[in-house]
Amino acid sequence: MVYAINALGEVEAHRYDGLNQETRITRYATRLDATTLANLRGGLAGAALDTTITALANASTDAVTTVVYDRAGRQIDRTDALGVHTRQR
């Protein structure tokens, strides 16, 4: 899991498969609080940050995009947070 956190405390989580292909992007609706944000130093995420970000999760408000690949590693399917489904042929 890779996190992208901006100066406003907005968090995106990027999940990858075994071939390092991005399979899921979650944009959390809840921001990190100012204290947590001030204590971040960048670099590798540890268990404490994982726990903090997991606590932000809200399935009804978070925006999730999923991506599916074929056996050759080509993107064949993408569904964004609005439910727009794109299939590659």
| query | Okay, side chain of Arg41, backbone of Ala38: is any donor-acceptor separation there less than 3.5 Å? | reply | yes
| remark: CG of Leu32 to CG of Leu8, rounded to nearest 0.5 Å, is 11.0 Å
| message | Using modelled atom types and a 3.5 Å cut-off, is there a donor and acceptor pairing between side-chain atoms of Tyr69 and backbone atoms of Glu22? | response | yes
| query | Would Ile25 and Tyr3 show up in the same hydrophobic cluster when neighbours are defined by side-chain heavy atoms closer than 4.5 Å? | reply | no
| Can Leu49 and Leu40 be said to form a side chain to side chain contact (heavy atoms under 4.5 Å, CB included), step by step? | CA-CA 9 Å; Leu49 182 60; Leu40 293 178; 3.9 Å; yes
| task | Kindly say whether Arg15 contributes a backbone atom to a donor-acceptor pair with the side chain of Thr23 at under 3.5 angstrom? | result | yes
| At what distance, to the nearest 0.5 angstrom, does CD1 of Ile76 lie from CZ of Arg71? | 10.5 Å
| field | Minimum-distance pair of heavy atoms, taken over all atoms of Thr35 and Asn39 | value | O-ND2, 3.0 Å
| Nearest 0.5 Å, what's the CZ-CG distance between Arg24 and Asp17? | 14.0 Å
| request: Verify side chain to side chain contact (heavy atoms under 4.5 Å, CB included) between Thr65 and Arg27, making sure each step is shown before the conclusion. | output: CA-CA 9 Å; Thr65 299; Arg27 291 172 190 85; 3.7 Å; yes
| said: As a test of understanding, state which of Val11, Thr54, Ile5, Val64 forms a side chain to side chain contact (heavy atoms under 4.5 Å, CB included) with Tyr28. | reply: Val11
| said: To check you understand the geometry: which heavy-atom pair defines the closest contact between Leu37 and Gly9, and what is its length? | reply: CD2-N, 3.6 Å
| field | Any donor-acceptor pair under 3.5 Å from Gln21 side chain to Gly73 backbone | value | yes
